[in-house]
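Before any comments, here is the structure.
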Amino acid sequence: MVSPNLNFKCILILGATASGKTALAHNLADKLNAQNKPCELVNLDAFQIYKELNIGTAKPTHEEILKYNYHGVNICELNENLDANTFARLSWEFCASIAQKNKIPICVGGSGLYLRAFLHGLDSLPPRDENIRTQIKEVANAHGWPYCHEWLAKVDPKRACELHPNDKTRIERALEIFLLTGKPQSEERSKENMLKEQDTLFPCYVIHCKQEPLILKERICLRVEQIFAQGWTQEVEQLFVKYGESLNSFHAMQAIGYKQILSSLFHTKTSQIPQGDLVDKISTLTWQYAKKQLTWCAKEKVDFTILNNNEENIDDLLKLVICWKP
RNA sequence: GGCACUUUAGCUCAGUCGGUAGAGCAAUGGAUUGAAAAUCCAUGUGUCCCCAGUUCGAUUCUGGGAGGUGCCA
């Protein structure tokens, strides 16, 4: 494995969905460019990486992608997926290549684990293995996840202690690591607790784009209505026409809204008009997601917080960023 | 107007053969080491519609009233 080039410094804008990260990034990039501090943008959003998920992921427009030299957008086919480690490595490469051009990378994103992997790195554990996972799932289907948890307790008691017997995602992963390496995950980790890690692998000026909860909730409802008005349903319909039933098995369809719209296409005859129920459901799911994002954000060391897109804040931020010497 | 059904958590509903009640969803908080917009965990005092009766005790049974739904006029 080639060791990554981490010889760069970057600006990171994090925050919940619909908090205004993208607009802030564009604003900041415009201002820095005007001050002869050229910059390029790097997407750190786990679903804007997909080529055909445009409307529902609130992806920057084609014009914006060109204008701001976006990296990390439209880099995956819809039936592919990108694990957190690969995502982090790609993002590092984007940042390093921008820095080589004497430009500043401005990274924008809010996907918890992916952000964490980018900032702090993951241990060198083996990537997921579909064959092993199939074997584990067979056991789980036959005996249930608590049984697999007991199995894990025999091979990696420390990790088993950390996990709830129903936590299938992590039990599966821990068993996978043991079956692939013959060693317990808890012994292979270099960090006792990843979340206590505060140092980033490279100098990073972290900006939290924050909204008061009530305002954020309103913005989320508004955004969901807007993206339906932009033709979200039609986007999903076109994907279904192109990929058929197999669309359901694509990991990309885990994105909030897409799977709900997809299933509604089979249950309503008038799919052209989004039902109020569907809009409400997706707004709720997005709000729940936003709260989880904020739990991740709260763990990071933040250099600057912008509340409710306050323009004065942004001017202060600009001054600080310009004289930032890590 | 008559008949039937119905009224319990923010919502949809269980349930208590009479001893003041619990699921799902929502809400709130937390976790998070390669599918993470995923996944998992924790948190439930609510005039059990109102009034009266029976009873040691009524959300539960009886009577009356009010709201809702459906059918018939």
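Order of the sequence lines sets the chain letters (A, B, ...), proteins ahead of strands, with each chain counted from 1.
- Taking 4.0 Å as the cut-off between side-chain N and carboxylate O, A:Arg219 and A:Glu225 do not count as a salt-bridged pair.
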Problem - Intermediate values then yes/no, side-chain contact (heavy atoms from CB on, under 4.5 Å), A:Leu318 and A:Leu28 - result: CA-CA 7 Å; A:Leu318 189 65; A:Leu28 189 62; 4.0 Å; yes
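- A distance of about 16 Å separates the C1' atoms of B:U59 and B:C13, rounded to the whole Å.
- Rounded to whole Å, atom C1' of B:C25 lies 13 Å from atom CG of A:Asp280.
- The residue A:Trp287 sits close only to the backbone: its heavy atoms come under 4.0 Å of sugar-phosphate atoms, none of a base.
- With a cut-off of 3.5 Å on both pairing distances, the Watson-Crick or G-U wobble partner of B:U39 is B:A31.
- Here A:Gln185 lies in heavy-atom contact (under 4.0 Å) with sugar-phosphate atoms only.
- Residue contacts shown for A:Glu80 are absent, as no nucleic acid heavy atom lies under 4.0 Å away.
- Remark: the separation of the C1' atoms in B:G70 and B:A31 is 49 Å, to the nearest Å.
- At the heavy-atom level, A:Thr57 lies under 4.0 Å from base atoms of the strands shown.
- A syn base is found at B:G34: its glycosidic angle is within 90° of 0.
- In this entry the distance linking CD of A:Gln293 with P of B:A31 reads 15 Å, nearest Å.
- For the P atom pair drawn from B:G46 and B:G64, the interatomic distance equals 33 Å after rounding to whole Å.
- Among the protein residues, A:His164 comes within range of the sugar-phosphate backbone only, with heavy atoms under 4.0 Å from sugar or phosphate atoms but none that close to a base.
- Here the nucleotide nearest the side chain of A:Thr169, chosen from B:A38, B:A31, B:G34, is B:A38.
- Computed from coordinates, the A:His149 NE2 to B:C41 C1' distance equals 12 Å when rounded to whole Å.
- Across the strands present, B:G57 finds no partner; the criterion is a Watson-Crick or G-U wobble pair with both atom distances under 3.5 angstrom.
- When distances are taken from the side chain of A:Lys168 to each of B:G34, B:C40, B:U33, the shortest belongs to B:C40.
- For the pair A:Phe87 CZ and B:A38 C1', the interatomic distance rounds to 15 Å; values are reported in whole Å.
- Side chain A:Asp167 to base B:A31: no donor-acceptor pair is found below 3.5 Å.
- Nucleic acid contact class of A:Thr86 (heavy atoms, under 4.0 Å, all strands): none.
- Using atom C1' as the reference point in both B:G24 and B:G67, the two lie 26 Å apart (nearest Å).
- Take the nearest nucleotide of RNA chain B for A:Pro127 and for A:Gly56: the residue whose nucleotide is more 5' is A:Pro127.
- When the side-chain nitrogen and oxygen atoms of A:Asn166 are compared with OP1 and OP2 of B:C41, one or more of them lie within a distance under 4.0 Å.
- What separates CD1 of A:Ile261 from C1' of B:A37 is a distance of 13 Å, to the nearest Å.
- Side chain of A:Glu40 to backbone of A:Pro105: no donor-acceptor contact under 3.5 angstrom is found.
- Across all strands shown, B:G18 forms no Watson-Crick or G-U wobble pair with both key distances under 3.5 Å.
- Side-chain contact annotation: A:His62 with A:Tyr70, donor-acceptor N/O pair under 3.5 Å absent.
- Rounded to an integer number of Å, the gap from CD of A:Glu172 to P of B:U39 is 13 Å.
- Checking side-chain atoms of A:Tyr258 against main-chain N and O of A:Val236 turns up no donor-acceptor pair under 3.5 Å.
- Rounded to whole Å, the separation between the C1' atoms of B:G18 and B:U55 comes to 9 Å.
- With both ends at atom C1', the span from B:A52 to B:A42 equals 44 Å, rounded to whole Å.
- Contact check, A:Thr284 against B:A26: no side-chain N or O comes under 4.0 Å of OP1 or OP2.
- Look at OH on A:Tyr289: it is 5 Å from C1' on B:A37, rounded to the nearest Å.
- Taking atom P in both B:G68 and B:U54, one finds a spacing of 32 Å when rounded to whole Å.
- Residue contacts for A:Gln288: at a heavy-atom cut-off of 4.0 Å it reaches the sugar-phosphate backbone alone, with no base atom in range.
- Only the C1' atoms considered, B:C51 is 16 Å distant from B:U7, to the nearest whole Å.
- Listed candidates were B:G34, B:G30, B:C25. Nearest to the side chain of A:Ile177 is B:G34.
- The nucleotide whose nearest atom lies closest to any side-chain atom of A:Thr295 is, among B:A31, B:G34, B:C25, B:A31.
- Side-chain polar atoms of A:Asp45 and A:Ser111 form no donor-acceptor pair below 3.5 angstrom.
- Closest to the A:Leu125 side chain, of the nucleotides B:A37, B:U33, B:A31, is B:U33.
- In this structure, the CG atom of A:Leu14 is 13 Å from the P atom of B:A37, given to the nearest Å.
- Within 3.5 Å, no donor on the side chain of A:Arg173 pairs with an acceptor on the base of B:U33, nor the reverse.
- In this structure, the separation between CG on A:Leu317 and CD1 on A:Ile306 is 4.5 Å, given to the nearest 0.5 Å.
- Remark: the backbone N or O of A:Leu180 is not paired with any side-chain donor or acceptor of A:Asp129 at under 3.5 angstrom.
- With respect to the salt-bridge test (charged N to carboxylate O, under 4.0 angstrom), the residues A:Lys242 and A:Glu52 qualify.
- At B:C40, none of the side-chain N or O atoms of A:Lys292 fall inside 4.0 Å of OP1 or OP2 (strictly under the cut-off).
- The base-pairing partner of B:A66, taking Watson-Crick or G-U wobble contacts with both distances under 3.5 Å, is B:U7.
- With hydrogens and angles ignored, no donor-acceptor pair under 3.5 angstrom links the side chain of A:Arg170 to the base of B:A31.
- Distances were taken from every side-chain heavy atom of A:Asp123 (C-beta onward) to each of B:G34, B:G30, B:U33; the shortest belongs to B:U33.
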